Amino acid sequence: MANDSTTPQQFTEQASEIKPQMVTVEIEGKPFQVPAGVTLMKAMWYAGKEVLRGAGCLGGFCGACATYYRTKDDPKVKTCLACSMAVEEGMSFSFMPAFPARKAIYNLPELKDPKQDLFELYPEAPLCRNCNACTEACPQKIDVREGVWKAVFGDFKAVSDMFMDCVMCGMCTPVCIADIAPNLVAVYASRAQGVHFTEKPEGLAKRIKKIADGDYQEDWDRVLKLSDEELQNTTASIT
Amino acid sequence: MDITAQQNLVHQTRDERRAIDFPKLSPAERDALIKKYHPDHRGHAYRSIKFGPNAGDSTVMEVATLLEGDSPIPADFNLTPEYSVDVLVVGGGGAGCAAALHAHAAGSNVLLATKLRLGDSNSVMAQGGMQIAVAPDDSPVQHFLDTLKGGHMKNDHDLLKTMVEEGPSIAQWLLELGVLFDRQADGNLHVKKGGGSSKARLLTCSDYTGLEIMRVLKDEVLNQKVPLLEFGAVIELLSDGAGTCTGAVLQDLDNKRHIVVAAKTVILATGGIGRLHIQGFPTSNHYGATGDALVLAYRMGVPLVQIDTFQYHPSGGVYPEQLVGALVTEGIRSEGGHLVNAHGERFVNELDTRDVVSSSIIRECEEGRGVRTASGRVGVWLDTPLLDVEHGPGTLDKHFPAMVRQYERYGVDIRKDPVLIYPTLHYQNGGVKIDVKGETPVGNLFVAGEASGGLHGRNRLMGNSLLDLMVFGKRTGLTAAERAKSLSQGKLTLTHVEQFREEAQRHQVSSELTSPMVLPAYTRHVS
Ligand SMILES: Cc1cc2nc3c(=O)[nH]c(=O)nc-3n(C[C@H](O)[C@H](O)[C@H](O)COP(=O)(O)OP(=O)(O)OC[C@H]3O[C@@H](n4cnc5c(N)ncnc54)[C@H](O)[C@@H]3O)c2cc1C
Ligand code: SF4
Ligand code: SF4
Ligand code: FES
């Protein structure tokens, strides 16, 4: 590597001035000593584990790091994103393996009645038994159960609002006793909302037409003729 | 002093600060500040590249070393292809998905190979929004000028003009796919003002713009059944021996097997370099942001442009420790959030360009006006509670739900307390040289998105990247598909690799290192 000070190792630990306090955690059932306060992801690296499946954006947006965890003496297994959660003494955790959920295939613009079509694409959706396990499993704290019902009742607008935070980690899916993949139902409903039930912005259409009609040509001709110095002066007033 | 005591100073000085208007710097002041404090001007972090198309040019050590690295593929490698396609798209971020969808729609036989899962990328993290000139008081020409100013006038005019002009039709395409951009009451697209822009021009999907776009694009890639190879990293390109690209060698990261792909055209959409941790900076980038396209294209003989300039986003997390390097959205500053030093003072106009703001934060910290955390890191305050004071309670909840959650996870309430920030390595301003079709000087090799260079000059303006991805993703996808129709598959050789090795030898470079890096080595060696 280029030089040692740039090896990324330093970013997986506490800043170096302070000797980190260590905690014991269990990763996939095996105890490891890791620095207190690091994320579960960094704890994996610290423990010497190669991470391939399980790491993605490292910023809490992609859902690759869906993880089950349990805190000391608590029987309840919870869910989190390993890149966005800190370790604590006695914690036990494992990545969630990829879950083979079924995604329906559709061509949105061609759908005639998307609210009805939902029942063909995802016939399991209306069979929700209200167990609420999906909501409890959601690390983004989305009311997933409610979202499934909103979709079934055709309130796609509500679904799209509720699932804007959904990182598609899929943790709501393995727990569903009705074999629903709530996040996939939500993506369908949100997209259908956009394609079929949302106003077309008039201003945008006008702007596209103006560009196509060459309405900006004069401005372009003027601007593209400018020397670098003139451009500098023209842009100097931009605030 | 503990963090809480230091935070109190921010609360105490809030009203005073609200009364002051902090002016933007004059061009001369900006230049002086940047020259003195911006990491792009730290000479000791730079060296010249020893050979290849950019021989003699200066770049950061981390990049130079990778560019001079050896190919992981031996000369006698068996090049029998396992796939034969019209268009190989490399990278499953925004640019890759846009390219694959357009090439597929144009009737091409496409393979989309990506290093992690589809969508695991920088694109999914974009929170701030996407610049498109749609507002009535705005125009593509104004967008052009703003970007030019942000880029210190060093932007490639043709690439830039192409991007701003095609912006509105990209917005249209995304709407047709079901992307839910924020709207005004009258149904028109809502626009926000971003740092360095003269007009409100940022299209947003609350503060999940990248996530929403990527959820939709991924879903569409799956709906269209575009053939997909996840955990498939491209580690070398193939050429016909006469300077044209004809395919690539991939590594299946699940089982380490090599896969040879014969492709009439190749589109590299592999994104940025954050995980190289240039100059020791933490980064906001995803796990796979290791600059692979730079290395792959360079070995093929493609020059890189403006490869000495990187964007250090002003607001990377500093505290809590778990958020070190993570991006704190610029939106906070756009909506009036102040930057405050350890003395409770503002020190820059928060809406100045990223390079100016970052330089000023580095100045404050280097001159002893930074705030130190218990773990020894240093930063300045971003006054988040000010937004609720300024625009009414609930503003943060409503406009920045992702950020509220980001901090809540670690017990920090940004509605009540300011957060500590320091610049984080965010974006590769330059990249692989392309023309307006997204094609490199090497025939049938295209590059789209952050991996390409020239458009953004020496400093990318906020929100321009998402647009760049879509415009050049689309252009490369369509051009490659069209091109492939009249092409027959060229032969597969490693001639360029042999030539590269010879050149390395001539320059007495014997690199122990093979590149591209593919993934950063974060795993601690426990012995
Ligand atoms: C936290 C964050 C916030 C941002 N916010 C904004 C914003 O608000 N507005 C804006 O305009 N821009 C923003 N940006 C910048 C913008 O998101 C990125 O520049 C952009 O997403 C890059 O897109 P891309 O498709 O070129 O690359 P990416 O989205 O990074 O995708 C690259 C893909 O290629 C894959 N890949 C890499 N190497 C290989 C290989 N060798 N083989 C196969 N696959 C490979 C990667 O795994 C990844 O899937 C932000 C960036 C970050 C990091
Ligand atoms: S709704 Fe499901 S997929 Fe989405 S974030 Fe919650 S658990 Fe993950
Ligand atoms: S887990 Fe399944 S059955 Fe239970 S509430 Fe959620 S969607 Fe309904
Ligand atoms: S790695 Fe993307 S959410 Fe954790």
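Please read these numbers as outputs of a predicted model, since none were measured by experiment. We name chains A, B, ... by the order of the sequence lines, and we start the count at 1 in each one. The basis for the numbers below is simple: all heavy atoms, side chains too, and nothing from hydrogens, waters or symmetry mates.
Contact of A98(A) with chain B is not made at all, since no heavy-atom distance falls under 4.5 Å. Proximity to chain B (any heavy atom under 4.5 Å) is shown, for L184(A), by neither the backbone nor the side chain. Heavy atoms closer than 4.5 Å to chain A are found in the backbone of E176(B), but not in its side chain. Within the 4.5 angstrom heavy-atom criterion, only side-chain atoms of K103(A), from C-beta onward, approach chain B. Contacts between C83(A) and chain B at a heavy-atom distance below 4.5 Å involve the backbone alone (N, CA, C, O). The part of A47(A) that comes within reach of chain B is its backbone (N, CA, C, O), which places non-hydrogen atoms under 4.5 angstrom from that chain.
When the candidates A86(A), A55(A), S84(A) are compared by the number of heavy-atom contacts under 4.5 Å with chain B, S84(A) comes out ahead. Options M41(A), M85(A), Q193(A) differ in how many heavy-atom pairs under 4.5 Å they form with chain B, and the most are formed by M85(A).
Salt-bridge check for E408(B) with K141(A): failed, with every basic side-chain N at 4.0 Å or more from each acidic carboxylate O. We find that R215(B) and E212(B) are joined by a salt bridge, their nearest charged nitrogen and carboxylate oxygen being less than 4.0 Å apart.
To the nearest 0.5 Å, atoms CD1 (I211(A)) and NZ (K209(A)) are separated by 12.0 Å.
Considering only residues two or more places apart in sequence or on other chains, K200(A) meets the side chain to side chain donor-acceptor pair (under 3.5 Å) condition with none of them. For Y106(A), the ring-ring contact (aromatic ring centres under 6.0 Å, His included) test picks out Y188(A), with sequence neighbours left out.
For residues 212-219 of chain A, heavy-atom neighbours of chain B at less than 4.5 Å comprise Y216(A), D219(A), sorted by residue number. Proximity to chain B among residues 222-230 of chain A is limited to V223(A), L224(A), D228(A), judged by heavy-atom separations below 4.5 angstrom.
Across every non-hydrogen atom of T424(B) and S284(B), the tightest pair is OG1-N, 3.4 Å.
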